[in-house]
Amino acid sequence: QVQLVESGGGLAQPGGSLRLSCAASGRTFRSYYMGWFRQAPGKEREFVARITLSGSTYYADSVKGRFTLSRNGAKNTVYLQMNSLKPEDTAVYYCAASSYSSNTAGQYNYWGQGTQVTVSS
């Protein structure tokens, strides 16, 4: 019953930036952990970043130092700021909610619709 509305994807040049947003129902922040995943053509869905109920963040090694996950509790929205983008970042990006603190996609109960991110020169 948790609703996730994702936006912000698009086209960026290598070295550029994009900011993804995920608006969630009010209960999401009180009862669920939030995460970001991505899936490129021909590849499995992979973990990108996540945030705990207390606000601690965790990142995949491939995006550390470039991506930043943040949360606006008043708006029940989480963000993924993506800087220094690389062509390898091209994928469909999904926000998700889980009852567990996990990097594993299979443990997330609810998913957004996905938004395409393309990094190309």
Side-chain angles (χ1 to χ4, degrees):
Q1 297 182 42
V2 175
Q3 299 179 40
L4 304 175
V5 182
E6 185 175 324
S7 62
L11 177 65
Q13 300 293 316
S17 299
L18 286 173
R19 189 192 193 198
L20 306 183
S21 299
C22 180
S25 62
R27 291 187 178 90
T28 299
F29 293 103
R30 296 175 178 85
S31 304
Y32 297 98
Y33 301 89
M34 300 297 298
W36 288 93
F37 294 79
R38 67 186 183 186
Q39 188 166 23
K43 296 185 178 180
E44 295 183 345
R45 188 167 299 185
E46 66 172 342
F47 166 77
V48 175
R50 64 184 176 91
I51 188 167
T52 69
L53 300 181
S54 62
S56 297
T57 54
Y58 301 86
Y59 301 91
D61 289 341
S62 59
V63 306
K64 284 182 179 178
R66 300 189 298 120
F67 291 9
T68 303
L69 174 60
S70 62
R71 177 177 64 195
N72 186 325
K75 295 184 177 181
N76 293 319
T77 302
V78 294
Y79 306 92
L80 185 66
Q81 178 67 46
M82 305 185 295
N83 297 327
S84 302
L85 284 165
K86 304 175 180 179
E88 304 92 275
D89 296 318
T90 296
V92 177
Y93 283 70
Y94 300 89
C95 63
S98 175
S99 297
Y100 306 95
S101 180
S102 176
N103 292 0
T104 304
Q107 294 207 308
Y108 282 73
N109 307 84
Y110 304 96
W111 295 83
Q113 78 283 3
T115 185
Q116 177 71 47
V117 171
T118 301
V119 184
S120 176
S121 60

What distance do [X] atom [atom1] and [Y] atom [atom2] have between them, rounded to the nearest 0.5 Å?
X    : Y   : atom1 : atom2 : answer
Y110 : C95 : OH    : SG    : 14.0 Å
I51  : Y33 : CD1   : OH    : 12.0 Å
T90  : R38 : OG1   : CZ    : 9.0 Å
Q116 : L11 : CD    : CG    : 10.0 Å
M82  : T68 : CE    : OG1   : 11.0 Å
T115 : L80 : OG1   : CG    : 11.0 Å

Which atom of [X] lies closest to which atom of [Y], heavy atoms considered:
X   : Y    : value
V92 : G114 : CG1-CA, 3.9 Å
A12 : L85  : CB-CD1, 3.7 Å
C22 : L4   : SG-CB, 3.9 Å
L53 : Y32  : CD2-O, 3.0 Å
L20 : W36  : CB-CH2, 3.7 Å
D89 : S84  : OD2-O, 4.5 Å

Do S102 and R50 meet the criterion of a side-chain donor-acceptor pair at a distance under 3.5 Å? no
Side chains of S54 and T52: donor-acceptor distance under 3.5 Å anywhere? yes
Please work out which of the three classes, parallel, tilted or perpendicular, describes the rings of W111 and Y94, given edges at 30° and 60°. perpendicular
Would [X] end up clustered with [Y] when hydrophobic side chains under 4.5 Å apart are linked, directly or stepwise?
X    : Y   : value
F67  : M34 : yes
L69  : F47 : no
Y108 : V78 : no

Please name all residues satisfying side-chain contact (heavy atoms from CB on, under 4.5 Å) with K64, sequence neighbours left out, ordered by chain then number. Y59, D61
Sorted by chain and residue number, the salt bridge (Lys or Arg N to Asp or Glu O under 4.0 Å) partners of R19 (sequence neighbours excluded) come out as none
Keeping the roles fixed (side chain from Q113, backbone from E6), state whether a donor-acceptor pair exists under 3.5 Å. yes
